[in-house]
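Working notes, beginning with the structure itself.
Every chain is numbered from 1 and lettered A, B, ... according to where its sequence line falls, protein lines coming before strand lines. All heavy atoms count here, side chains included; hydrogens, waters and symmetry mates do not.
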Protein chains: 2
Amino acid sequence: MTKIPEYRKIYSELKREIKRGTYSPGMFLPTETELENMFGVSRTTIRKAISLLVLEGFISVQQGRGTEVQEVSTSQRLNQITSFSETLSQKGYIVTTRGFYLEHIPAPAFVREALGLEKDCTVHHLQRVQCADGRPICIMENYISAHIIPDFEIRNSNFVSLYELLEHEYNLVLREAVERITAIGASFTESQILLVPSGTPLLFSKRITYCDKGPFEYVINKVLAEQYEYAIHLSGRA
Amino acid sequence: MTKIPEYRKIYSELKREIKRGTYSPGMFLPTETELENMFGVSRTTIRKAISLLVLEGFISVQQGRGTEVQEVSTSQRLNQITSFSETLSQKGYIVTTRGFYLEHIPAPAFVREALGLEKDCTVHHLQRVQCADGRPICIMENYISAHIIPDFEIRNSNFVSLYELLEHEYNLVLREAVERITAIGASFTESQILLVPSGTPLLFSKRITYCDKGPFEYVINKVLAEQYEYAIHLSGRA
DNA sequence: CAGTGGTCTAGACCACACT
DNA sequence: GTGTGGTCTAGACCACTGT
């Protein structure tokens with residue numbers, strides 16, 4: 001199993017506490033010296049953890065003053081890499097996974113091209129149906145490069161968010177992603193899975209996700225449009 | 001005089017060398033130990049400088065391998081504010097406007113809410129059909145706040161890009177926009193306008209655009225999905 | 001294997017914000 | 001002044017990539 005650095009654990013721990021409300025917006029985190037003692041590590045390690053949280057906008061630091069927990073406004077969170085299930089959870093749905101199939105296959109041509117893989121590369125192909133409040137809402141296929149995550153297995157079939165799994169179990173850092181979105185009418189098969197008439201409009205998205213080691217995942221999503229919308233933040237002008 | 005930290009000088013120095021071509025894309029920077037000696041500082045300082053360059057995308061680091069100078073270009077033009085017609089032009093289509101109707105009306109409730117307008121505010125309501133290579137592909141409605149652009153008139157009915165017009169004729173500066181995208185099936189009316197069977201999947205987007213004076217425009221687009229897709233760039237992770 | 005970057009320590013001094 | 005974060009050192013050991 002992968003070794004998780006101290007600063008990463010502390011970062012996760014602090015993030016959890018912020019999300020839980022132990023530290024709420026406007027409050028200050030303990031000082032660096034206090035955190036040193038709390039976690040029993042050196043200041044460098046604490047500072048590295050804190051810098052991650054700053055990068056993600058959870059806290060802001062000011063010399064001589066302290067580190068303040070920020071209001072995470074929704075609009076700031078746009079265009080961040082979020083899994084489908086995370087977005088749904090945020091909207092208050094109870095998210096579950098219905099179907100579930102994992103296989104290890106030679107990368108299909110379209111995946112090879114998207115991820116820049118050589119011939120004969122293996123990918124983990126994960127198929128799922130995501131449900132919101134018990135209702136099927138999304139058909140999801142992930143192709144994960146075995147080159148970057150060699151030993152991918154799902155131990156607990158009840159997991160929901162793939163990204164959380166990858167981050168915590170495999171210590172993966174998601175850097176960026178490019179997503180292309182269009183609409184299609186549900187095919188017969190899709191309509192059967194999602195329990196809607198065929199031809200029902202679906203959002204059809206293809207995403208390449210990059211981690212620190214390069215492109216590692218190709219995702220295909222088909223989402224019931226009636227239940228879902230993408231929010232995008234645009235800024236500036238060429 | 002301001003005190004400039006060592007790591008900042010080193011960062012600037014390295015960036016200058018990269019821009020000048022001393023270190024060009026594909027090449028590797030000296031190792032951390034070498035840089036330590038070159039600049040006569042500790043490794044921490046070097047690493048801090050390097051981390052800044054990584055953050056800005058100039059270089060990428062890989063454990064056990066080295067720090068490689070990156071190609072800066074890439075398609076970072078994603079998530080900029082672009083009008084529909086501009087995007088289509090970029091893809092090589094010839095864009096024309098077919099239908100065209102401008103009226104000045106009291107802002108409907110959903111527009112008032114979106115733009116934060118008072119009761120009795122007027123908006124310019126512009127309706128158009130955009131064609132790509134002569135084929136209708138998008139039904140477009142703009143609601144432009146009369147508060148910000150009081151004297152909006154279209155002099156030349158052959159104009160194509162609304163944003164270009166606003167920028168050049170009205171000296172407007174577009175700051176940011178939030179767009180929400182989902183999919184619908186074409187209604188009878190929409191199917192007639194776009195010359196497709198009713199029920200054909202359309203991308204349905206609603207956008208609020210902000211200029212330097214606040215929100216000024218609400219746009220509703222219905223696009224033939226078959227001919228169009230949204231590309232989104234996501235970065236970072238909460 | 002050697003050489004690279006990744007993590008971590010224990011301690012020092014500096015710059016800034018509060019009161 | 002006191003206490004906060006900001007910079008920096010010298011050295012240690014780990015983890016990965018290459019040969």
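Under the 6.0 Å distance and 45° angle rule, Lys9(B) does not count as a cation-pi partner of Phe39(B).
Annotation: side chain of Ile181(B) is not in contact with side chain of Phe204(B) (no heavy-atom distance under 4.5 Å).
Checking dG5(C), dC8(C), dG6(D) against every side-chain atom of Glu32(B), the shortest atom distance belongs to dG5(C). Nearest to the side chain of Glu6(A), among dC8(C), dT9(C), dC8(D), sits dC8(C). Proximity note for Pro5(B) (side chain, C-beta onward) versus dT7(D), dG5(C), dT9(D): the nearest is dT7(D). In the set dG5(D), dT7(C), dT9(D), the nucleotide with an atom closest to the side chain of Tyr7(A) is dT7(C). Nearest nucleotide to the side chain of Arg43(B), out of dG5(C), dC8(D), dG5(D): dG5(C). Closest contact between the side chain of Ser42(A) and the listed nucleotides dC8(C), dC8(D), dT7(D) involves dC8(C).
Here the straight-line distance linking atom CZ of Arg47(B) with atom CD1 of Ile10(B) works out to 13.5 Å at 0.5 Å rounding. Distance CD1/Ile144(A) to CZ/Phe152(A): 4.0 Å, rounded to 0.5 Å.
In this structure, Phe28(A) places its CZ atom 12 Å from P of dT4(D), rounding to the nearest Å. Note: CD1 (Ile50(B)) to C1' (dT7(D)) measures 17 Å, nearest angstrom. Distance CG (Leu52(A)) to C1' (dG6(C)): 13 Å, rounded to an integer number of Å. In this entry the distance linking CD1 of Ile4(A) with C1' of dA15(D) reads 15 Å, nearest Å. The separation between Arg47(A) atom CZ and dG6(C) atom P is 19 Å, rounded to whole Å. In this structure, Ile59(A) places its CD1 atom 14 Å from C1' of dT4(D), rounding to the nearest Å.
Checked by atom type, the side-chain pair Thr45(A)/Glu6(A) shows no donor-acceptor distance below 3.5 Å. With hydrogens and angles left out, the side-chain atoms of Glu56(A) and Tyr11(A) include a donor and acceptor closer than 3.5 Å. Between the side chains of Glu229(A) and Thr182(B), not a single donor N or O lies within less than 3.5 Å of an accepting N or O.
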Detail all sub-3.5 Å separations between protein N/O atoms and N/O atoms belonging to nucleotides 17-19 of chain D.
residue	atom	partner	partner atom	Å
dT17(D)	O4'	Gly64(B)	O	3.3
dG18(D)	OP1	Arg65(B)	NE	3.3

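Consecutive pairing runs in DNA chain D reach the stem threshold at C:2-18 with D:1-17, where a stem means at least three Watson-Crick or G-U wobble pairs with distances under 3.5 Å.
Between Val69(A) and Ser24(A), the shortest heavy-atom contact is CB-O, 3.5 Å. The minimum heavy-atom distance between Leu115(B) and Pro215(B), with the atom names listed, is O-CG, 3.4 Å.
At a threshold of 4.0 angstrom between heavy atoms, the contacts of Thr31(B) are confined to the sugar-phosphate backbone, with no base atom among them.
Closest-nucleotide positions on DNA chain C for Glu34(B) and Ile46(A) were compared, and the one nearer the 5' end corresponds to Glu34(B). Remark on DNA chain C: of its neighbouring residues Thr44(B) and Gly66(B), the 5'-side contact belongs to Gly66(B), judged by nearest-heavy-atom nucleotide.
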- Derivation of the side-chain hydrogen bond (donor to acceptor under 3.5 Å, both in side chains) call for Gln70(B) and Ser60(B): CA-CA 7 Å; Gln70(B) 292 297 106; Ser60(B) 75; 3.1 Å; yes
